Amino acid sequence: DTGVSQNPRHKITKRGQNVTFRCDPISEHNRLYWYRQTLGQGPEFLTYFQNEAQLEKSRLLSDRFSAERPKGSFSTLEIQRTEQGDSAMYLCASSSSTNTEAFFGQGTRLTVV
Amino acid sequence: GENVEQHPSTLSVQEGDSAVIKCTYSDSASNYFPWYKQELGKRPQLIIDIRSNVGEKKDQRIAVTLNKTAKHFSLHITETQPEDSAVYFCAATGDMRFGAGTRLTVKP
């Protein structure tokens with residue numbers, strides 16, 4: 001494993017369906033971040049984990065969004081009852097600790113039709 | 001969480017000119033300030049970072065300056081080249097919240 005891996009790369013779903021994305025961080029990294037990015041905008045912070053603990057969750061993350069990192073390794077981001085406004089690139093990043101470089105995955109592009 | 005503001009949102013320069021992008025932050029406890037570059041269709045990648053115990057850091061044509069009193073830090077790119085065209089993001093610790101980004105265009 002040489003980098004952060006996200007799956008799937010692309011997801012098209014119908015409005016109202018649930019979707020789940022997976023992020024596999026660099027193996028020794030204990031911090032994991034989720035972001036949402038729309039075209040031309042900066043990555044919007046969604047949430048982050050220190051090991052398995054979810055330390056902060058953005059107010060942008062409505063109750064339809066949930067993230068887990070059960071064993072402190074991979075993480076999942078679930079969106080329930082998807083809406084067209086959820087269409088975006090979802091980025092995951094990991095770092096070895098605070099105050100160190102975060103490495104990004106290639107993202108999952110979600111399209112809600 | 002940390003609030004990071006970034007200016008300008010777009011910046012167009014002639015090849016060879018310098019470019020400066022500025023970020024301000026709200027949390028005086030923040031002590032790590034990275035800059036990321038994102039080319040079209042690619043993931044963000046770190047280009048330079050600075051910690052609060054130094055005021056300036058350089059790496060070839062790129063430099064970052066930090067003013068802790070004023071709570072702002074800036075990215076400086078000298079002798080810009082067309083391949084510097086990208087979107088640049090700043091962030092501040094500890095939860096890696098990014099600024100809104102600056103789209104830099106370097107015209108040949």
Side-chain angles (χ1 to χ4, degrees), chain A residues 2-7 9-10 21 23-26 29-51 53-61 67 69 75 88-109, chain B residues 1-11 21 23-27 29-54 57 59 64 66 73 75 85-105:
Chain A
T2 58
V4 179
S5 176
Q6 289 187 248
N7 288 288
R9 292 288 307 279
H10 304 274
F21 310 141
C23 172
D24 287 89
I26 293 172
H29 284 184
N30 55 30
R31 281 213 162 195
L32 187 148
Y33 311 85
W34 283 102
Y35 299 90
R36 180 173 64 189
Q37 187 176 35
T38 52
L39 195 62
Q41 300 298 311
E44 285 182 289
F45 172 83
L46 294 178
T47 189
Y48 83 100
F49 294 84
Q50 173 88 16
N51 299 312
Q54 188 173 20
L55 296 187
E56 192 163 349
K57 188 174 172 180
S58 167
R59 288 189 297 272
L60 295 171
L61 217 62
R69 195 183 183 197
S75 176
M89 177 73 82
Y90 289 83
L91 290 167
C92 173
S94 71
S95 67
S96 58
S97 66
T98 188
N99 297 351
T100 60
E101 179 179 359
F103 292 84
F104 281 82
Q106 291 194 310
T108 294
R109 181 169 295 285
Chain B
E2 176 66 269
N3 183 36
V4 179
E5 294 191 357
Q6 183 172 344
H7 301 278
S9 57
T10 60
L11 180 59
I21 303 169
C23 286
T24 60
Y25 61 99
S26 59
D27 187 353
S30 290
N31 55 11
Y32 174 66
F33 307 93
W35 285 91
Y36 285 77
K37 175 183 180 182
Q38 187 175 26
E39 297 176 4
L40 190 64
K42 297 188 176 180
R43 70 188 85 184
Q45 291 194 303
L46 181 78
I47 54 170
I48 194 166
D49 56 14
I50 191 167
R51 289 176 168 77
S52 58
N53 57 344
V54 296
K57 182 178 178 180
D59 183 3
V64 55
L66 172 65
F73 56 110
L75 177 70
S85 296
V87 182
Y88 293 81
F89 304 104
C90 61
T93 53
D95 50 17
M96 288 292 293
R97 293 176 191 261
F98 285 87
T102 297
R103 180 174 298 280
L104 173 65
T105 303

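Everything numeric in this text was worked out from a predicted model, so none of it was measured. Values below: all heavy atoms of this structure, side chains included; hydrogens, waters and symmetry mates excluded.
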Please classify the contact between [X] and chain A as side chain, backbone, both or neither, with a heavy-atom cut-off of under 4.5 Å.
X: Phe33(B); value: neither
X: Pro34(B); value: neither
X: Gln38(B); value: side chain

Tyr36(B) versus Glu101(A): any side-chain heavy-atom pair under 4.5 Å?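 They are in contact (side-chain heavy atoms under 4.5 Å apart), so the answer is yes.
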In terms of heavy-atom pairs under 4.5 Å, which option from Arg109(A), Gln41(A), Gln106(A) contacts chain B the most?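 The residue among Arg109(A), Gln41(A), Gln106(A) with the greatest pair count is Gln106(A).
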With rounding to the nearest 0.5 angstrom, report the OH to CZ distance, Tyr48(A) to Arg97(B).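 Those atoms lie 8.5 Å apart.
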To the nearest 0.5 angstrom, please state how far the OG1 atom of Thr100(A) sits from the CE atom of Met96(B).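 Those atoms lie 8.5 Å apart.
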Report the C-alpha distance between Gln37(A) and Phe89(B) in whole Å, list the side-chain angles of each, state the deciding distance to 0.1 Å, and finish with yes or no for side chain to side chain contact (heavy atoms under 4.5 Å, CB included). CA-CA 12 Å; Gln37(A) 187 176 35; Phe89(B) 304 104; 3.6 Å; yes
Considering all heavy atoms, the nearest Arg43(B)-Phe104(A) contact: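 Reported closest heavy-atom pair: NH1-O, 2.9 Å.
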